Engineer: 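The structure follows.
Quick caveat, the model's predicted, so the values are computed rather than measured. These numbers come from the heavy atoms of this one structure, side chains and all, not from hydrogens, waters or symmetry mates. Chain naming here is simple, since letters A, B, ... match the order of the sequence lines and numbering starts at 1 in each.
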Amino acid sequence: MEFGLTPDQSALREQVLRFARQEIVPRVREHDLASEFDFDSWRKLGEYGVLGLNIPEAYGGGGADVMTCVVVGEALGEAGVDGGLTLAYGAHSFLCADTIAAHGNEEQKALYLPRLATGEWIGCMGLTEPGAGSDAAALRLRAERVDGGWRLNGTKMFITNGPIADIAVIFARTDAEAAHAGISAFVVRKGTPGFSAGKNLHKLGVRTSLTSELVFDDCIIPEENLLGMEGMGFFVALQTLEWDRSALLAPAIGTTGFLIDRCCRYAGEREQFGRPIASFQAVRHKIADLKIFQEAARSLVYRIAWCKDQGQPMNHLEASVAKLFVGDASLQPTNDAVVLHGGYGYCAEYDVERVFRDLRIAAIGGGTSDIQKMIISRLMGEGV
Amino acid sequence: MKILVTAKRVTDPDAKIRVKPDGTGIETAGLEYKLNPFCENAIEAAVSMVEKHGGEAIAVTIGTADVEQNLRTALAMGCERAIRVEIADDQLDSDLTARILVKLFETEKPDLFLLGKQAVDGDSNQVAQLVAEMLDLPQACFASGIVIENGEAVVTREIDGGIETIAVKLPAVVSADLRLNTPRLPTLPNVLKAKRKPLQVLTPAALGVDTALKVATVAYEAPPQRKGGIKVKTVQELVEKLQNEAKAL
């Protein structure tokens, strides 16, 4: 078993750090404070090849494996790219584009993937509904057969990239009787009559990613917009979890490195009682705790990515452990990173409060920590 | 147009360099490395010339396997293939480096040999000049602009008090200065594709190069620690210190 990065992966990390520090990071704070999506950064991510990294080369992407995407995501976080932009990227590339790459037919892939790879079109994915969160199979958005297509009625909630998406992968109920087997996936284009996005929801963190509800009111889509087979939607949705638990978590590991760097610098420069605060054990322990969290989280996330690259089916228990750990175990050390900076840490200028806020989504988005514990205990078997 | 271009690895110019306690060299543990910025300019120039005139750019470097990372960067920027000559960094001097590069030139027979004007760690600034001399080729060092026309390279060079423009017949040796261009950041798909581009490894023995060094390093030592300044309260005190301590008056 090999736990370190290969020389090629280290070189890639260096390249991405340099790109992100130069092209993206200088605008992060401004957009976070304004809760605005940064279209310039989005275009640059597209030109640089991040947005299409996981898309097959035949459709204009980079054809990268999961571990490569993890290295890139981690480097973006380490450079100081905010969680909002990396979330927007994740929703676009892993939840929307990868679902089309994995389940779309030739026409769908040729139509959507090259435009998603460059970022010309922004993608989103809609599973959650106002009444179906942790219990995703309870979704009620209805898709009924009509002549030559489908009619969608219902609402999706908390959809990342919702207000700006050009295309949406939507999970809808095609059979009211069957529970899991009654769900199908569809692609819906912006501008389709009856399809609209709500206003951006103001959030605790990840503020540069825009989030809204999506409303379907007698929205008619053509037959060819069905993604994969009818009734297979729940399995399509499950597959996105592999990305959700690896490449989408990777920026959180990198951003912890960003915090460590900030904390070390501040603790070395800030003097109280006539000496740098880095000389106090309480301060040093806070930085050690960040490192401990980062190393443990990294091992968990790398394992999910490595298994997918080896072609192994996802181990849901391990995936839930990784997801929960990043969300929950990051709370104390990232809070401590803010406290270490004192009053400055509470202000936007030092970026640590932004990282703290951004990371809080990890315990909620893509399944709360509560649901992860439910999955873990269920998969541990009868003895629990 | 066939261009040979150097891609030398250097220690990170932003890193803090420590001398080994016994003074035999630099402490390399934990040191980060980068592609020499001047080589980046040379590579950018080579790649954009090939884009304009056709042909191929070949990245070359000398070092152990870990310098291949930097060759991959050159490949990601657009070089078609790469050559590494296997020999450790501390067993090189400018003369041996030049003699190895001369052999590569003779094997590849390029129209142009582009080098970074110097490596930002050693700062010797000798290799391009030595290579041109050994090959008896025209040289144009510290290029801030290169235009290829009618079998010549028209090179602008920054000199004291102005800019000199010279034309050298190809094949020629040109070394790149920082203002030559802005090196591109290779895109991620190009970084991934670079892994599949050919990278040839040669040994000095295979090239028929004698590895004896002309320069022997006697010792390394860190520059003396600078003392902090002091504030004086009165002009008299200042004059007194200048006279008696600094002996400047």
Engineer: Could you pull out the closest heavy-atom pair between B/Leu192 and A/Ala64, with the gap in Å?
Structural biologist: CD1-CB, 3.7 Å

Engineer: Considering residues at least two apart in sequence or located in another chain, which fulfil the salt bridge (charged side-chain N to carboxylate O under 4.0 Å, His left out) criterion with B/Lys117?
Structural biologist: B/Asp177

Engineer: With the side chain counted from C-beta on, respond yes when A/Val16 and B/Val191 share a heavy-atom pair under 4.5 Å apart, and no when they do not.
Structural biologist: no

Engineer: Which heavy-atom pair separates B/Pro189 from A/Gly49 by the least distance, and what is that distance?
Structural biologist: CD-CA, 3.7 Å

Engineer: Among all residues two or more places apart in sequence or in another chain, which pass the side-chain contact (heavy atoms from CB on, under 4.5 Å) test with B/Thr24?
Structural biologist: B/Lys20, B/Asp22

Engineer: Between these two chains, chain B and chain A, I want each donor-acceptor atom pair under 3.5 angstrom written on its own line with its distance.
Structural biologist:
from, atom 1, to, atom 2, distance (Å)
B/Glu40, OE1, A/Arg18, NH2, 3.4
B/Glu40, OE2, A/Arg18, NH1, 2.9
B/Glu40, OE2, A/Arg18, NH2, 3.4
B/Gln69, NE2, A/Pro7, O, 3.3
B/Thr73, OG1, A/Gln15, NE2, 3.4
B/Leu188, N, A/Tyr48, O, 2.7
B/Arg196, NH2, A/Glu57, OE2, 3.1

Engineer: Please name all residues satisfying side-chain contact (heavy atoms from CB on, under 4.5 Å) with B/Leu238, sequence neighbours left out, ordered by chain then number.
Structural biologist: B/Val232, B/Leu242

